[in-house]
Amino acid sequence: MLLTNALIVTLKGNNDFGMIPDGAIAIRDDKIVWVGPTADIPDSVDVLPRHDLAGKCITPGLIDCHTHIVHGGNRAAEFEMRLNGASYAEIAKAGGGILSTVTATRTATEETLLADALPRVDALIAEGVTLVEIKSGYGLDHDSELKMLRVARRIAQERPITVRTSFLGAHAVPAESISDPETYISETCIPALRAAHAQRLVDAVDGFCEGIAFTPAQLAPLFDVARELGLPVKLHAEQLTNSGGTQLAAKYAALSADHLEYATISDAQAMAAVGTSAVLLPGAYYTLNETQLPPVQALRDAGVPIALATDCNPGSSPLTSILLTMNMACTLFRMTPLEALLGVTAHAAKALGASDHGRIIPGGRADLCVWNIQHPAELAYRIGFNPLHSRIFGGALS
Ligand code: DI6
Ligand code: FE
């Protein structure tokens, strides 16, 4: 198809929206084959069926590059506890937090996990998300981790969305292994990773480096296996304290280091040196009532691409709005609307190693959003308003 008469936000460069007023996009199958001014449409694509967009705005399909969207139950009761004075770390230490979701996830059937996750995925789709990353990490035993990853893969069959999975067996130390995290990594986590990889369930390997989770030394053997299997790594790093996660991530040339509230200037420089992206998660910052801001200016100065994501999870970020995530990044982290849009498109794609996503360029995948807006800054500006007109997924309206 040939989309004409649109304000196209290509995000072709890195420091501007790359706008083409009265632009056109030619799509064949699931690929963008040409983009430029409507006046310059080449003969080769002029034969395609035309859709006049009457001045609407087109951006790349949005990307949520860090979610735990598959999980059992919810933690509204814990939300209430926190508001009555308990801290996140205290709740985790008392066997609540992540571990209560582990129990709910272990006991849920695959069908229940899928049925619970789909409405959350639908909320993302309704705001133009075309690619979502989904982590395991609430199973913490062999079968339950694989179950979560199978559900994540099934989401891509049930809905018009691309799913990238991350194995997060090192999300927390399960209650039965609490005195011996090293053995949990070697005897449970690594064998589960190998099995999940053999069943093609894993696109990347993630971990949680934190006082309440794992140390860099405990995570290193897992990352060694990821490397052996040819899988890229990512890491939850410096969310609650500076625990050396960013340096570990940089040592393994991770795709991304995520959260980063307690990261330093030298952490940002270590990431820049190996091309590791930052993934900032304003929903978790907001939900935990955090006051330590991630080092946005240090990341900018070092040239680290900054991605944004919902972190959709039942504990620290029960958020399924990518547009609100953009708004929070601007208001809470003082990022610009351009940075926010790059954060959920081109930079999110980079954080997933998905190079054909996130920009409107010839050869790129035809995942697009059509918006009822006059300028792309409107996407981050409004709060709780969804201007999506339509969504094109793999070259088809959906
Ligand atoms: N950091 C987070 O914010 C989520 N996981 C993580 O490593 C929270 C997970 C949860 O509380 O269930
Ligand atoms: Fe997370």
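Computed from a predicted model, the values in this text were never measured in an experiment. In each ligand, atom 1 is the first atom listed, and ligand 1 is the first ligand listed. Both backbone and side-chain heavy atoms feed into the values below; hydrogens, waters and symmetry mates do not.
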### Considering only N, O or S atoms of Asp311, the one closest to the Fe ion (ligand 2)
OD1

### Task
Ignoring hydrogens and angles, state whether a donor on the side chain of His66 or Asp311 is under 3.5 Å from an acceptor on the partner side chain.
yes

### Any donor-acceptor N or O pair under 3.5 Å, side chains Gln157, Arg154
no

### Query
Between His197 and Phe167, does the ring centroid distance fall short of 6.0 Å?
no

#### Entry: For atom 1 (N) of ligand 1, closest protein heavy-atom neighbour
Gln239 OE1, 2.8 Å

### Query
Which residue and non-hydrogen atom of the protein lie closest to atom 5 (N) of ligand 1, and at what distance in Å?
His171 NE2, 2.7 Å

### Query
Using the ring of each side chain (for Trp, its six-membered ring), is His171 parallel, tilted or perpendicular to His236, with breaks at 30° and 60°?
tilted

### Query
If we ignore angles and hydrogens, is there a donor and acceptor under 3.5 Å between the side chains of Asp301 and Gln297?
yes

### Summary
Per-atom filter on ligand 1: closer than 4.0 angstrom to a heavy atom of Ile98 are 9 (C), 10 (C), 11 (O), 12 (O)

### Message
For Phe17 and His375, take the angle between the two ring planes, folded into 0 to 90°, and tell me which bin it lands in: parallel under 30, tilted 30 to 60, perpendicular over 60.
### Response
perpendicular

### Query
For ligand 1, which atoms sit closer than 4.0 Å to a heavy atom of Asp311?
2 (C), 3 (O)

### Protein contact of atom 8 (C) of ligand 1 - nearest heavy atom, named by residue and atom, plus distance
Tyr88 OH, 3.1 Å

#### Entry: Where the Fe ion (ligand 2) is the vertex, angle from His66 NE2 to His68 NE2 to 10°
100°

### Query
So, is Thr101 polar-close to ligand 1, with some N/O to N/O distance under 3.5 Å?
no

### Query
Of all the atoms in ligand 1, which lie at a distance below 4.0 Å from a heavy atom belonging to His236?
1 (N), 6 (C), 7 (O)

### Task
Examine all N, O or S atoms of Asp258, backbone included, and report whether one is under 2.8 Å from the Fe ion (ligand 2).
no

#### Entry: Under 3.5 Å side-chain donor-acceptor pair for Tyr262 and Glu290
yes

### Query
Could a heavy atom of Arg75 be found less than 4.0 Å from some atom of ligand 1?
yes

### Message
Taking 2.8 Å as the cut-off, does His236 contribute an N, O or S atom near the Fe ion (ligand 2), distance below it?
### Response
yes

#### Entry: Which residue and heavy atom of the protein sit nearest atom 2 (C) of ligand 1, plus the separation
Ser316 OG, 3.3 Å

### Query
Can you list the atoms of ligand 1 that are under 4.0 Å from a heavy atom of His259?
1 (N), 2 (C), 3 (O)

### Message
Does this structure show an ion pair linking Lys234 with Asp203, if we count only N-O contacts that are shorter than 4.0 Å?
### Response
no

### Task
Consider only side-chain N and O atoms of Thr38 and Asp22, and report whether a donor and an acceptor are under 3.5 Å apart.
yes

### Message
To check your reading of the model: name the closest protein heavy atom to atom 12 (O) of ligand 1, its residue, and the distance in Å.
### Response
Tyr138 OH, 2.6 Å

#### Entry: Matching residue for Thr246 among Glu238, Lys251, Gln269, His259 - test: side-chain hydrogen bond (donor to acceptor under 3.5 Å, both in side chains)
Glu238

